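Note that the coordinates shown come from a computational prediction; the quantities given were computed from them, not determined experimentally.
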Amino acid sequence: MGAVESTEGEREPLLVPSQPATNTQPGLSRVYGRRWFVLTMFSLLGFMQGLVWNTWGPIQISAKHVFEFSSTDIAVLVMWGPVGYLPWLLFMWLMDKKGLRASLLLSAFFMVLGAALRSVPLKDLYYRRWMIHGGQLLNGLAGPTIMSAGPLLSTTWFAPDQRATATAIASLIGYLGSACAFLIGPLAVPAPNGTVGSTVYWNQNHIRDRIQFVLYAEVGMIAALFVAVLFYFPSRPPVPPSVAAASQRLSYRSSICRLLSNMRFLMVALAYSVPTGVIAGWAGVLDMILTPAKVSQVDAGWIGFWSIVGGCVFGVAMARFADYIRGMLKLILVLMFAGASLAATWFTLTCLTRLTHLPSTTATLYTSCILVGIFINSSVPIFLELFIETVYPVPEGITCGVVTFLSNLFTGLLLFCLTFYFTELSWLNWCLTGSCIFSLLLLLFFRESYDRLYLDVFVSV
């Protein structure tokens, strides 16, 4: 099954009974109630990492007014997230050798330091901008663990019939954080030319104070989570929850070689990383994309918010469905990206209303954009589960580290191009549409396999 099949020896459980002649099950397993606390702590850190990453895009008009940011600066602030993913091999090695606790503590420390750096109230705007850029980079360094450790956590702590759901919660909560930035930013920070009631916010000091309040609140919440993880966050339970969780895995070097030589994995990895990377960069500058369509900063925030929230809700629902109906991951993804391709095409043509003469209203922009977010963002946990099944027994953290690195690589390339071509942004919409169609074609030709599911269902029986 696949380019390199797993052997029977690799499928053997580590925990076997000392007396084979007895009627004991071939592997001991148990689930613990504390798994929900572990999942909650990890998810909250993911939420804050996404919130901090997407701080500046939704309030780019106000940030330009107060800190004298340019459009290039806004794109670079978003780009620090993918750039922080460059040392991903180090974080994957740390996760594989020292466990999830050590890797997560280091990531949480980077998040605290980065959030604190951004909130230092320097009066010199030149140094203040550099501090904000540095804080965004440090927050980006938390990305390799936050974005790729969800499947490892779900396999380590959760039973097979809860794994996809746990993966969905852990991997999508970061998207929910970036969605809340679309809501919190425009509501907490007024635009310089906006009005609320009879008060006109032209006061630069007032806008600066509101931005500072948001930055202080974020550093306080991250510091509290860091302390909580420091006091209690075990890497694994005393007894594994399934046969697969207790099985022998490949070494770090063997895992990298196995992944890079598996053509089926590389095919589905591109199907995941291209559209998710493109939509991450696209969503980070959604306000800039919608400005030519005369959509206000607040309305653009609401569109971004509901597109990501819809994807999170739908993703958890589909993951729960995948837990009940196993072996249908490819079919679910094909249906999702067929819908994503249609919705992205609709949004792109709506934004070109002068050429297509399609009705460009708030309702059509809301609907098409939200559908794009729902279909692409909800596919993330399904993809992650499919990766693990395809390349098992490669460790989950290493597998997901590779694909999330590729996703961030495409995000970085998109935002890098944006620093040169930011005057007319319709090309970003075409990139989004093309990425969805590209992913759909790869999925149609992909041949799925379920090695881990085989181990849990047949070997445990």
Side-chain angles (χ1 to χ4, degrees), residues 46 49-50 53-54 57 72 74-95 103 107 110 133 136-151 171 174-175 178 255-285 337 340 376-377 379-380 383-384 386-387 390-391 394 396-422 427-428 430-439 441-443 446:
Q49 203 266 345
W53 170 75
N54 197 31
T72 301
I74 299 297
V76 171
L77 286 170
V78 180
M79 190 172 66
W80 286 128
V83 170
Y85 218 92
L86 290 178
W88 64 278
L89 284 172
L90 173 62
F91 285 93
M92 297 307 100
W93 175 86
L94 183 65
M95 195 186 307
S103 183
S107 299
F110 283 139
H133 279 285
Q136 292 297 124
L137 174 60
L138 287 172
N139 183 74
L141 289 173
T145 300
I146 296 297
M147 295 181 65
S148 61
S171 58
Y175 291 83
S178 63
S255 297
I256 298 296
C257 294
R258 172 74 69 90
L259 293 177
L260 297 181
S261 62
N262 190 330
M263 293 306 298
R264 290 193 312 121
F265 168 74
L266 295 177
M267 177 185 293
V268 74
L270 284 176
Y272 163 83
S273 58
V274 172
T276 56
V278 170
I279 197 173
W282 177 83
V285 292
F337 274 90
I376 297 181
N377 293 328
S379 71
V380 171
F383 264 121
L384 295 181
L386 185 60
F387 294 141
T390 301
V391 301
V394 175
E396 292 83 355
I398 297 176
T399 302
C400 296
V402 171
V403 296
T404 50
F405 166 74
L406 290 175
S407 177
N408 279 271
L409 177 63
F410 285 108
T411 303
L413 290 174
L414 186 76
L415 294 173
F416 178 75
C417 293
L418 183 61
T419 60
F420 297 99
Y421 305 101
F422 56 84
W427 63 272
L428 282 173
W430 287 112
C431 286
L432 180 65
T433 303
S435 68
C436 294
I437 297 174
F438 173 74
S439 179
L441 293 175
L442 289 179
L443 287 170
F446 174 72

Between Phe265 and Leu259, what is the shortest heavy-atom contact and its length? CD2-O, 3.4 Å
Is the backbone of Tyr175 close enough, under 3.5 Å, to the side chain of Ser178 for a donor and an acceptor to pair up by distance? yes
How long is the gap from CG on Leu441 to SG on Cys436, to the nearest 0.5 Å? 11.5 Å
Which residue pairs pass the side chain to side chain donor-acceptor pair (under 3.5 Å) test with at least one member in residues 399-413, sequence neighbours excluded? Tyr85-Thr404, Thr276-Ser407
Which distance, rounded to the nearest 0.5 Å, do you find between the OG of Ser255 and the CD1 of Ile398? 4.0 Å
Quick one: CH2 on Trp282 to CG on Leu428, what's the gap to the nearest 0.5 Å? 9.5 Å
List in chain and number order the residues that pass ring-ring contact (aromatic ring centres under 6.0 Å, His included) with Phe405, two or more places apart in sequence or in another chain; answer none if no residue qualifies. Trp88
With Phe337 as reference, evaluate Phe383, Phe446, Phe438 under the ring-ring contact (aromatic ring centres under 6.0 Å, His included) test and give the passing residue. Phe383
Heavy-atom closest pair, residues Met79 and Gly412: SD-O, 3.9 Å
Please report the shortest heavy-atom distance between Leu414 and Val278, naming the atom on each side. CD2-O, 3.5 Å
Starting at CG of Asn54, measure out to CD of Gln136 and round the result to the nearest 0.5 Å. 9.5 Å
Roughly how far apart are Tyr272 OH and Phe410 CZ, rounded to 0.5 Å? 12.0 Å
Tell me every residue that passes side chain to side chain contact (heavy atoms under 4.5 Å, CB included) with Leu141, counting only those two or more places apart in sequence or in another chain. Pro87, Phe110, Leu138
Leu260: what forms a side chain to side chain contact (heavy atoms under 4.5 Å, CB included) with it, not counting sequence neighbours? Ile256
If you compare all heavy atoms of Gly401 against all heavy atoms of Met92, which two are closest, and at what distance to 0.1 Å? CA-SD, 3.4 Å
Residues that Phe91 engages under ring-ring contact (aromatic ring centres under 6.0 Å, His included), provided they are two or more places apart: none
When you measure from the side chain of Thr145 to the backbone N and O of Ala142, does any donor-acceptor pair fall under 3.5 Å? no
Before you tell me yes or no, could you show the steps for Val83 and Phe416 under side chain to side chain contact (heavy atoms under 4.5 Å, CB included), namely the whole-Å CA-CA distance, both residues' side-chain angles and the distance that decides it to 0.1 Å? CA-CA 11 Å; Val83 170; Phe416 178 75; over 6 Å; no
With sequence neighbours left out, write down each residue that passes side chain to side chain contact (heavy atoms under 4.5 Å, CB included) with Asn139, or none if nothing qualifies. Gln49, Val52, Trp53, Met111
How many angstroms lie between OG in Ser273 and CG in Leu409, if you round to the nearest 0.5 Å? 8.0 Å
Show the nearest heavy-atom pair for residues Ala340 and Ile376, with the distance to one decimal. CB-CG1, 3.9 Å
Do Leu90 and Leu94 have side-chain heavy atoms sitting under 4.5 Å apart? no
Decide side chain to side chain contact (heavy atoms under 4.5 Å, CB included) for Leu270 and Leu266; before the verdict, give the C-alpha distance in whole Å, the side-chain angles of both, and the deciding distance to 0.1 Å. CA-CA 6 Å; Leu270 284 176; Leu266 295 177; 5.8 Å; no
Say whether, by atom type as modelled, one donor and one acceptor occur between the side chain of Ser439 and the main chain of Ser435 under 3.5 angstrom. no
